[in-house]
> 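One structure coming up, written as structure tokens, with questions to follow.
The shown structure was predicted, so the numbers you read here are calculated from the model rather than taken from an experiment.
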Amino acid sequence: MVKHYCTHNLKGSSGVVHLVQFHPDISRLQLFSSSIDYKIRIWDLSSSRCVAALEGHFSAVTSLAFADGNSLLSSGRDKICMVWDLESRQSKRTVPVYETVEAAVLLPKEGDFSQLGVKNQGLHFVTAGSKGILRVWEAASGACVHSQAVPFALQEEPSERSLSQCQFVPARNELLTVSMEHNIVFYDAQSLQLRKQLAGYNEEVLDVKFLGPGDSHIVVATNSPQLKVFELATSHCQILYGHTETILALDVFRKGLMFVTCAKDRSVRLWRMGRAGRVTCVAQGLGHAHGVGAVACSRMKESFVVTSSQDCTIKIWNIPESLTSKAKAALISSPEPLHARVTERGHDKDINSVAVSPNDKLLATGSQDRLAKLWSCSDCSLLGVFSGHKRGIWCVQFSPVDQVLATSSADGTLKLWGLRDFSCLKTFEGHDASVLKIIFVSRGAQLLSSGSDGLLKLWTIKTNECVKTLDGHEDKIWGLHSNKKDDMVVTASSDSCITLWQDVTEIEEKEAQAKQEEQIMKEQELSNLLHEKRFLKALGLAISLDRPHTVLTVVKAILREPEGRRHLEENIVRLRKDQKEAVLAFLVTWNTNSRNCHEAQAVMETLLRHEAPDTLLQFSGIKSAVESLLPYTERHFQRLSRLLQASTFIEFMWHNMRLADVAQQDQGTL
């Protein structure tokens, strides 16, 4: 590896070699490999020859592990693990594990593994494979002494929960696994308790919300029946099982400890986060005839949940007091049933969105029938209809400060409606595609919208203007939510990305103000330096401000002094190279104006007189500077020559006129 050349070229394997591993004893100089003929070959690196082929597997060999110098453990997709004696090169034990094994890891001899059923000092190993669980085996008896408990039903055939890799990390005393869902999971090696989980791929993200009292987590609904809860500080991910089909939407209660989800399996589930951050399902509701596509929580208290479905109905579910009490909720062992208090047919087509007002008295729905409707939360009676969109409505949201409802539609517009007379107050146009989600931000003064083109737009309600367009996704943005402090937003898209956005308005304003104050201080300092005739410092300060006109003012001030040309020459010569480069760039700008050409030519003359040609050629931008200076300089000299000719002609005419006057006076005298 150091000198980058090949040391061995080992030939003899049948087909593709998919597994290689060195013997841990370096003195042996042996390499083990396996190919599609299911044999394990032993290569002597001293002679570059295959010295043995271990036969016993009837499918691909997936992993090799060395127990000691003379024992080898192999696993395969033929649902067996084999222990080999490397001295006799024969199989000592075949252990049937009844699943396709992708990795087998030996447990170290040191350490207490009694929680895993290890009772003696014999050889024990952990298998990971198609069932998606870790199992501990005793090699001597071939018995499974421990199976990991998991929150999902085991499947005999490979699935997305199947494990593809497993490794032991001695430094952390952990077992690391990788699943087919691209999740990396860390387990405590002595108990197989989950320590940390990293989710690698989210597929299409359908909804996202902040979670926790301090918005420390986010809960994500992907295109699967599982929920993912991410801890923002560590990226640790909990995967929650419960729904049997794709989760379509979710919403979080005001305190941030409870949230509700709905799915294609026609159910709604209520979840609660414990003190340690662990989330459990505490209630489940059934009753819709089709998939439940939208859900909203009560805003003031954890008292009810509203759902809407593809069956065009709205249901209001009461939450039992036993679920809202922390003490009582901790005693719940299985999800309690939720019962719908009210069911109402709301629209003629699919209901895409539902929202609850801040005072819990009203609810709004938006549908594919291009209508938004306002309902009473108490009895689900219809209060009014908002009509005006040209295509289906994707999202409805109540203003947190005004009696206003915002809607977004597939026609690319956002509308604000008055709740008193149901009239349209404002229309925001600017999206070139369907507007999928909207939220109020800046304490109700602005709207943030997301489109199917992957763009976010920030609107100021008072002026009807789009003040910012954010491009952070490549596909439809289905999820959009702001935190309680109203200074951070999370978005989720069909491009599998979840993006956190921070409001930097105040930070940018403070930076701009600090920069402005610094500029004022520097300008005052510059004025003082000029007054004190400290021209070198004044010139350096003016160059640091990166203002060509300010530097020109300093140069003019120097030239106005007695012996100004000499002072200018002395100060230009004492500048650093980078400062001279900056002055050269500035004088290109000055030279374009005939009013400033004298100062530009004076500085240029000084540089040409005191800098060697080789030094000038090393200046950055010298080529473009010369190309810009030449035509204007020629024009200035032509203008001067014309002025000189005109001056000579005027002087000649004036002289002739004086002579004529003298001649007339002489004639008069005569």
> Going by the rule ring-ring contact (aromatic ring centres under 6.0 Å, His included), which residues pair with Trp478 if we only count those two or more places apart in sequence or in a different chain?
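If we apply the ring-ring contact (aromatic ring centres under 6.0 Å, His included) test to Trp478, skipping adjacent residues, the hits are Trp394.
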
> Excluding sequence neighbours, so at least two apart, what forms side-chain hydrogen bond (donor to acceptor under 3.5 Å, both in side chains) with His431?
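Result, side-chain hydrogen bond (donor to acceptor under 3.5 Å, both in side chains) vs His431: Ser449.
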
> Report the residues that fulfil side-chain contact (heavy atoms from CB on, under 4.5 Å) with Ser114, sequence neighbours left out, ordered by chain and then residue number.
Asp112

> Identify, with sequence neighbours excluded, every residue that meets salt bridge (Lys or Arg N to Asp or Glu O under 4.0 Å) alongside Asp251.
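By the salt bridge (Lys or Arg N to Asp or Glu O under 4.0 Å) rule, Asp251 matches Arg299.
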
> Less than 4.5 Å apart, side chain to side chain, heavy atoms only: is that true for Leu206 and Ile247?
no

> For Asn223, enumerate each residue passing the side-chain hydrogen bond (donor to acceptor under 3.5 Å, both in side chains) test, keeping only those at least two apart in sequence or located in another chain.
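Counting only residues at least two positions away or on another chain, Asn223 forms no side-chain hydrogen bond (donor to acceptor under 3.5 Å, both in side chains).
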
> Can you list the residues that meet the ring-ring contact (aromatic ring centres under 6.0 Å, His included) rule with His18, with sequence neighbours excluded?
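His18 satisfies ring-ring contact (aromatic ring centres under 6.0 Å, His included) with no other residue.
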
> Do NZ/NE/NH1/NH2 and the carboxylate oxygens of Arg195 and Glu174 come within less than 4.0 Å?
yes

> Under the salt bridge (Lys or Arg N to Asp or Glu O under 4.0 Å) test, which residues partner Arg266, sequence neighbours left out?
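Arg266 satisfies salt bridge (Lys or Arg N to Asp or Glu O under 4.0 Å) with no other residue.
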
> Identify, with sequence neighbours excluded, every residue that meets side-chain hydrogen bond (donor to acceptor under 3.5 Å, both in side chains) alongside Asn173.
none

> Lys580: which residues meet the salt bridge (Lys or Arg N to Asp or Glu O under 4.0 Å) condition with it, sequence neighbours left out?
Glu611

> By side-chain hydrogen bond (donor to acceptor under 3.5 Å, both in side chains), which residues pair with Arg93, not counting sequence neighbours?
none

> What is the distance from atom CG of Asp44 to atom CD of Gln30, rounded to the nearest 0.5 Å?
6.5 Å

> Does Glu99 come within less than 4.0 Å of Arg135, counting only side-chain N to carboxylate O?
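A salt bridge is present here (some side-chain N lies under 4.0 Å from a carboxylate O).
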
> Who are the salt bridge (Lys or Arg N to Asp or Glu O under 4.0 Å) partners of Arg278, not counting sequence neighbours?
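Expected list: none.
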
> Restricting to side-chain contact (heavy atoms from CB on, under 4.5 Å), what partner residues turn up for Ser63, sequence neighbours left out?
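Result, side-chain contact (heavy atoms from CB on, under 4.5 Å) vs Ser63: Ser75, Ala104.
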
